[in-house]
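Below is one structure, written out as structure tokens, with a few remarks after it.
These numbers come from a predicted model, not from an experiment. The analysis underlying the following values was restricted to heavy atoms, covering all of them including side chains, and did not include hydrogens, waters or symmetry mates. Both counts, for ligands and for their atoms, begin at 1 and track the order of listing.
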Amino acid sequence: MTFVDFEVTPGGALRGGVPVPTDKSIAHRALILGALASGPSQLQGVAPLGATAVTRRALEALGVRFTEESPGQLRVQGVGLGGLRPPAAPIDCGGSGTSFRLLAGLLAAQRFASTLSADAYLSQRPMARVVAPLRRRGAVIEGRFHPSRAGELLPPLAIGPLPPGAALLECEESLPIPSAQVKSALLLSGLYADGNTYIREPVVSRDHTERMLRALGVPVQAVASMVELDVAQWNRRIPPFSIQIPGDLSSAAFLLVGALLLPGSELTLRQVGLNPTRRGFLEYLRDVGAPLAVEERGDQMGEPLGDLQLMYGGPLRHGSLGGETLVRAIDEVPAVCVLAARSEGVTEICDAAELRVKESDRLAAMARVLRAFGVRCEELPDGLRIEGQPEGPLQAAEVESGGDHRIAMAATLLALVADGPSRVQDVGCVGTSFPRFAGTLRALGVAVRAVERDSQ
Ligand code: S3P
């Protein structure tokens, strides 16, 4: 078997402006709602590979047609709410948790049976959180029992069909953990339900589904951390639409952190999504003194976007990340860990137990990677305590990504400030969210090379 590694030579600076990959979360939702619209929609900037390709293939398996009209411009022939067709085979979601959980909600409302399957990594991730509330509103779903945790369910899921004549019921859920994937699954199932959908979260998770539905005239109300979909006031029709997917702040975060690590860096990133429920990382940067300028420039279907500008200005203060800010920076924690490794003092990350069930156990993985580069850190049940080392280089290392794209990118940044060449192993996963990561870094002025390696 052949693996791809990154060989990283330290030094250089990130200078210039580059496009960042488009936002996966928004793209998944645009694909699904485009498929359910009554007519053709135009989606500009849906990545052809990675996680969003999983959602697109799944929708194709359900009878939806997509046409690439020009590079980056996708036309989706919406089939209407009732137009999905039974899939001929199990739908493979690979490693994409967002595809899996959002589609679970959509498929739970259908009159046909379907199966959602997953790769080895996603097959270990908890699904009871989405199955249980869907079952409570009448969905028929079976999963694989967790070998040791009673009540937990794992992929694959066998879904539906709904019994003849039955429809999904009203749902009133108070989620124990904030989760945009679970909330979105319930809202998507709610489009078909006989009653309303009410969801309360301890802290509002990313609200892309709510914003897109509202932009399409679906009566979704949000008050504090409560969301309501009131189907009684709706004609059950999603109009066709046109969207340009904003840049992904979660991908931009790695470039921003790279620029904050390397003296002489000067970076401009344009058209990046600035949704308030995703801005925790930008608030963290402001708190630790990063010289970041944010300029808002309009919106796309209710999603604000804008330009980010940053210049290296010396080591930053230590910070702390937890509570509701952590929820709004959940995918940026690996990037924050890298920054903490080069900041003054001790940085604390807490309330982050959810990171243990992401693409990998990100708290354990980051502790392992930080230590490999000689950074002292303590792993806590729900976080990390990281001792910054702003002076002198880190120790060069050879580290494994563990199949997690954000861990691979975090390790690559640490390698840029090491005392010699480093190697990040098994970086094929980076394509999930940032397919041209190494090329982008090279274009900005640092030496990261992808090399193939045969497994021994
Ligand atoms: C996502 C929600 C978050 C996030 C993931 C994308 C989404 O997961 O970590 O990368 O698009 O809905 P949870 O819902 O598990 O918090």
Side-chain angles (χ1 to χ4, degrees), residues 21-33 46-47 50-52 54-55 58 93-106 118 121-122 124-134 152 155 173 175-189 199 201-213 225 227 245-246 248-254 273 275 277-281 303 321 324-336 351-363 365 382 404-407 409-410 429-430 432-434:
T22 46
D23 192 286
K24 279 191 296 151
S25 288
I26 299 175
H28 284 295
R29 286 143 174 98
L31 288 164
I32 293 174
L33 294 177
V46 176
T52 46
V54 167
T55 295
C93 291
S96 175
T98 307
S99 307
F100 195 98
R101 293 196 178 119
L102 266 52
L103 290 169
L106 178 65
Y121 293 106
L122 182 55
Q124 302 308 317
R125 295 180 63 188
M127 294 301 159
R129 55 181 64 194
V130 68
V131 171
L134 286 169
E152 188 52 271
E173 292 289 336
L175 306 185
I177 303 164
S179 168
Q181 293 174 353
V182 174
K183 176 172 60 173
S184 302
L186 293 173
L187 287 170
L188 290 171
S189 69
I199 309 159
E201 295 183 280
V203 172
V204 186
S205 63
R206 60 188 69 191
D207 64 355
H208 303 301
T209 307
E210 296 91 301
R211 283 171 187 259
M212 203 174 285
L213 285 172
S225 62
V227 175
I245 312 290
D248 188 357
L249 183 57
S250 302
S251 297
F254 287 101
N275 180 314
T277 59
R278 297 276 298 277
R279 282 176 75 148
F281 173 70
E303 291 286 350
L321 183 60
E324 64 92 27
T325 317
L326 185 281
V327 174
R328 295 185 296 109
I330 190 78
D331 289 343
E332 287 70 75
V333 172
V336 168
D351 305 322
E354 262 302 276
L355 290 182
R356 297 204 182 275
V357 291
K358 293 289 178 190
E359 282 85 327
S360 68
D361 176 343
R362 286 188 172 154
L363 295 180
D382 70 337
D404 185 329
H405 53 130
R406 299 202 208 278
I407 302 301
M409 291 189 278
C429 53
V430 170
T432 303
S433 64
F434 206 147

Could you go through Arg206 and Arg328, starting from their C-alpha distance and side-chain angles, then the distance that decides it, and tell me whether this counts as side chain to side chain contact (heavy atoms under 4.5 Å, CB included)?
CA-CA 7 Å; Arg206 60 188 69 191; Arg328 295 185 296 109; over 6 Å; no
Let's go through Asp361 and Leu355 carefully: what are the C-alpha distance in whole Å and the side-chain angles of both, what is the deciding distance for side chain to side chain contact (heavy atoms under 4.5 Å, CB included) to 0.1 Å, and is it a yes or a no?
CA-CA 6 Å; Asp361 176 343; Leu355 290 182; 5.9 Å; no
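- Side chain to side chain, Arg101 and Ser184 fail the donor-acceptor criterion of an N or O pair below 3.5 Å.
- Between Arg362 and Asp404, at least one side-chain N (NZ, or NE/NH1/NH2) sits under 4.0 Å from a carboxylate O, which counts as a salt bridge.
- A salt bridge links Arg278 with Asp248: at least one charged nitrogen is closer than 4.0 Å to a carboxylate oxygen.
- Remark: Lys183 engages Glu201 in a salt bridge, criterion side-chain N to carboxylate O under 4.0 Å.
- A distance limit of 4.0 angstrom between heavy atoms and ligand 1 selects the residues Ser25, Arg29, Thr98, Arg101, Ser179, Ala180, Gln181, Arg206, Ile330, Asp331, Lys358.
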